[in-house]
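Only this structure's heavy atoms are used, side chains among them; waters, hydrogens and symmetry mates stay out.
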Amino acid sequence: MKALALFSGGLDSMLAAKIISDMGVEVTALHIDIGFGSKDDKSEILARRAGVAGADFAIIDVREEYLKNVLFSPKYGYGKHFNPCIDCHGFMFRTALNSLARFGADFIITGEVLGQRPMSQRSAAINQVNHLSGDSDLIVRPLCAKLLSPSRPEILGWIDREKLLDISGRSRVRQMELAKKFGFNDFETPAGGCLLTLENFSNKIKDALKFEKIECVKDAEILKFGRHLRLFGGAKMVVGRNEDENNKLEMINNPKFTKIDFIDDIVGASSFLIKTAGTEDKNLAAKIALTYAKTDFSKIYRVKIADEIFNASPFEDKKILSKFLIL
């Protein structure tokens with residue numbers, strides 16, 4: 001027998017994989033990349049954690065499909081911010097179930113715990129997720145299976161139901177006891193990582209939908225990094241906070257934006273302006289870019305935006321820029 005484990009790198013998903021792999025089932029920890037799990041590439045970390053749990057590791061990139069079919073039209077709505085948790089879980093299960101043949105697997109497992117999360121892991125929510133998945137009989141939840149109706153793998157004897165658990169609620173005591181038993185000391189914190197649950201990121205999404213739209217992966221990727229500013233004329237500007245963000249913004253290379261260049265010898269953050277910006281916003285963007293650079297507010301500098309040259313001075317105080325920030 002072989003199982004696909006929906007794998008986040010968190011303790012619950014590691015424990016689920018370990019419990020099933022200890023029954024002699026071959027497990028592949030499957031990380032489904034929807035594009036909002038993290039700002040950074042954690043594939044090496046996830047692969048290591050999967051190995052510790054006794055599983056192989058694989059990633060499926062579904063970012064484009066998630067944008068088109070889930071994020072903006074969830075059947076069961078959003079959580080506190082822009083997180084369509086129930087629809088997201090259902091989408092992940094459906095993706096995993098559709099991948100069984102590809103990986104030569106027989107069923108899927110998940111680290112969900114009944115009652116642990118108020119939106120997506122209530123009994124009613126789990127039933128909704130099952131409905132969205134398309135074939136809930138092949139879903140096993142090893143940490144709380146004894147509190148649920150037996151799945152097909154349990155009924156057919158592919159796995160031993162007696163070795164499954166009956167954990168429920170938000171307490172992490174039993175999971176931490178199991179982590180100690182299995183020697184797990186490296187795992188993601190609960191709900192640690194989903195950008196859609198963060199207020200600031202949700203605000204950036206709502207702002208982008210109002211002005212530029214989010215039409216492809218690069219439109220979503222650029223939201224992850226830098227300071228985001230909405231200028232007087234409605235133009236979007238993005239400014240890196242550090243060298244790492246500068247590099248990531250440049251690598252995204254979103255075609256809707258143009259990089260702001262300094263003609264004079266200036267060291268500063270990488271800044272990007274939406275290509276549809278008007279002249280007023282271009283002048284303002286030049287001043288803002290200079291403000292986030294090593295410059296003298298009493299001097300005039302030359303700034304290039306696309307094919308235009310602007311002469312501008314930085315603002316004397318960065319605090320004035322707070323009114324433009326999308327927070």
Side-chain angles (χ1 to χ4, degrees), residues 1-32 46-58 89-90 92-97 99-101 103-117 120-127 129-130 133-191:
M1 287 291 118
K2 183 174 182 178
L4 290 182
L6 291 178
F7 195 73
S8 66
L11 177 56
D12 291 345
S13 62
M14 290 178 68
L15 290 173
K18 177 65 173 175
I19 289 168
I20 298 301
S21 65
D22 278 358
M23 294 185 194
V25 175
E26 183 182 350
V27 177
T28 292
L30 184 66
H31 182 69
I32 299 176
L46 293 172
R48 182 177 69 245
R49 291 172 179 168
V52 170
D56 296 328
F57 179 70
H89 278 68
M92 288 187 176
F93 285 129
R94 191 165 64 252
T95 300
L97 286 165
S99 301
L100 287 175
F103 289 93
D106 304 286
F107 62 99
I108 68 171
I109 62 176
T110 168
E112 288 176 299
V113 170
L114 187 64
Q116 186 177 87
R117 295 183 185 174
S120 62
Q121 293 181 15
R122 295 172 289 107
S123 179
I126 286 178
N127 288 335
V129 169
N130 286 342
S133 72
D135 190 355
S136 61
D137 286 345
L138 288 177
I139 299 173
V140 179
R141 297 173 170 89
L143 300 186
C144 62
K146 287 184 177 178
L147 301 174
L148 305 171
S149 299
S151 62
R152 195 184 311 165
E154 297 165 68
I155 294 171
L156 296 178
W158 297 352
I159 55 176
D160 186 351
R161 182 174 172 84
E162 291 305 309
K163 294 181 180 179
L164 303 179
L165 306 179
D166 59 355
I167 302 175
S168 66
R170 305 188 71 174
S171 171
R172 307 278 295 169
V173 173
R174 290 182 66 185
Q175 288 97 314
M176 296 308 296
E177 290 174 349
L178 288 168
K180 184 176 181 179
K181 173 184 175 181
F182 294 137
F184 295 170
N185 51 38
D186 171 34
F187 42 82
E188 195 75 55
T189 56

Closest heavy-atom pair, I19 versus P142, reported as atoms and distance to 0.1 Å, is CG2-CB, 4.3 Å

Distance check, rounded to the nearest 0.5 Å: K18 atom NZ versus F182 atom CZ? 6.0 Å

Just by modelled atom types, is the G10 backbone N or O under 3.5 Å from a matching donor or acceptor in the S8 side chain? yes

Side-chain heavy atoms of L4 within contact of L6, under 4.5 Å: no

Donor-acceptor contact present, side-chain S21 to main-chain A53, <3.5 Å: yes

Nearest heavy-atom neighbours spanning L138 and F107: O-CB, 3.4 Å

Validation row: M23, L164 side chains within 4.5 angstrom (heavy atoms): yes

With a 4.5 Å limit on heavy-atom distance, are the side chains of L165 and K146 in contact? no

Check: E26 and D56 side chains under 4.5 Å, non-hydrogen atoms: yes

Taking R174 first and then D166, would you say they form a salt bridge - that is, a charged N and a carboxylate O separated by under 4.0 Å? yes

4.5 Å side-chain heavy-atom contact, K2 and V27: no

Atom CD1 in I139, atom OG in S151: separation rounded to 0.5 Å? 9.5 Å

Strictly below 4.0 Å, N to O, side chains only: are R141 and D12 in salt-bridge contact? no

